[in-house]
Participant: 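Following this message is one structure expressed as structure tokens.
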There are 2 protein chains.
Amino acid sequence: QLTSGKGRCSCIDKGSDFIQQKALGKIEVIPKSSSCDHVEIIATLKPTGEQRCLNPNSKWVRKMVTA
Amino acid sequence: QLTSGKGRCSCIDKGSDFIQQKALGKIEVIPKSSSCDHVEIIATLKPTGEQRCLNPNSKWVRKMVTA
């Protein structure tokens, strides 16, 4: 559910609230900017390398990126 | 100040509390794991592509990755 459009938000919906720890690879955070008015958090899943949007308002996600 | 050692924390010191918005490229978050007992936040700077550790406990950094 990632858009490929330039100059817009990357995630179409609010994203996942939780992902299995063992499936969790890299996490990329895209700070809000002129092209998207809120932070976006995108996880790369193991082993497929699939990219999945995470919900920045989820308690679990917040803990993952700050704890 | 990134170590290249496999199976250890990537950041040697606590990292930067703030980075100029216009120098801020991608932000990668490495959740705590068996190889590093705390979350690590690594920014790629523009235009050089230099990687810089950010301080997960800095208010500004937390705002960047969750707001």
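Every chain is numbered from 1, with letters handed out A, B, ... down the list of sequences.
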Participant: Under 6.0 Å from the NZ atom of B/Lys63, do we count more than 12 heavy atoms belonging to anything else shown?
Facilitator: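 No, the 6.0 Å shell around NZ holds no more than 12 heavy atoms from other groups.
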
Participant: Examine A/Ile12 and A/Leu54 and state if one hydrophobic cluster contains both, with Ile, Leu, Val, Met, Phe, Trp and Tyr joined whenever side-chain heavy atoms are less than 4.5 Å apart.
Facilitator: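 No; tracing contacts between hydrophobic side chains, which count when under 4.5 Å, never links both residues.
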
Participant: Determine the minimum heavy-atom distance between B/Ile27 and A/Pro31, stating which atoms define it.
Facilitator: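 Nearest heavy atoms, B/Ile27 then A/Pro31: CD1-CG, 3.6 Å.
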
Participant: B/Lys32 and A/Gln21: which non-hydrogen atoms are nearest, and at how many Å?
Facilitator: O-NE2, 4.1 Å

Participant: Minimum heavy-atom separation for A/Met64 and B/Val29, please, with both atom names.
Facilitator: O-CG1, 3.9 Å

Participant: Return the option, out of B/Val61, B/Ile30, B/Val39, with the maximum number of heavy-atom pairs under 4.5 Å with chain A.
Facilitator: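 Winner by heavy-atom pair count: B/Val39.
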
Participant: Under a single-linkage definition using a 4.5 Å side-chain heavy-atom cutoff for Ile, Leu, Val, Met, Phe, Trp and Tyr, are B/Ile19 and B/Ile42 assigned to the same hydrophobic cluster?
Facilitator: no

Participant: Report which part of A/Leu24 has an atom under 4.5 Å of a heavy atom belonging to chain B: side chain, backbone, both, or neither.
Facilitator: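 The side chain, not the backbone.
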
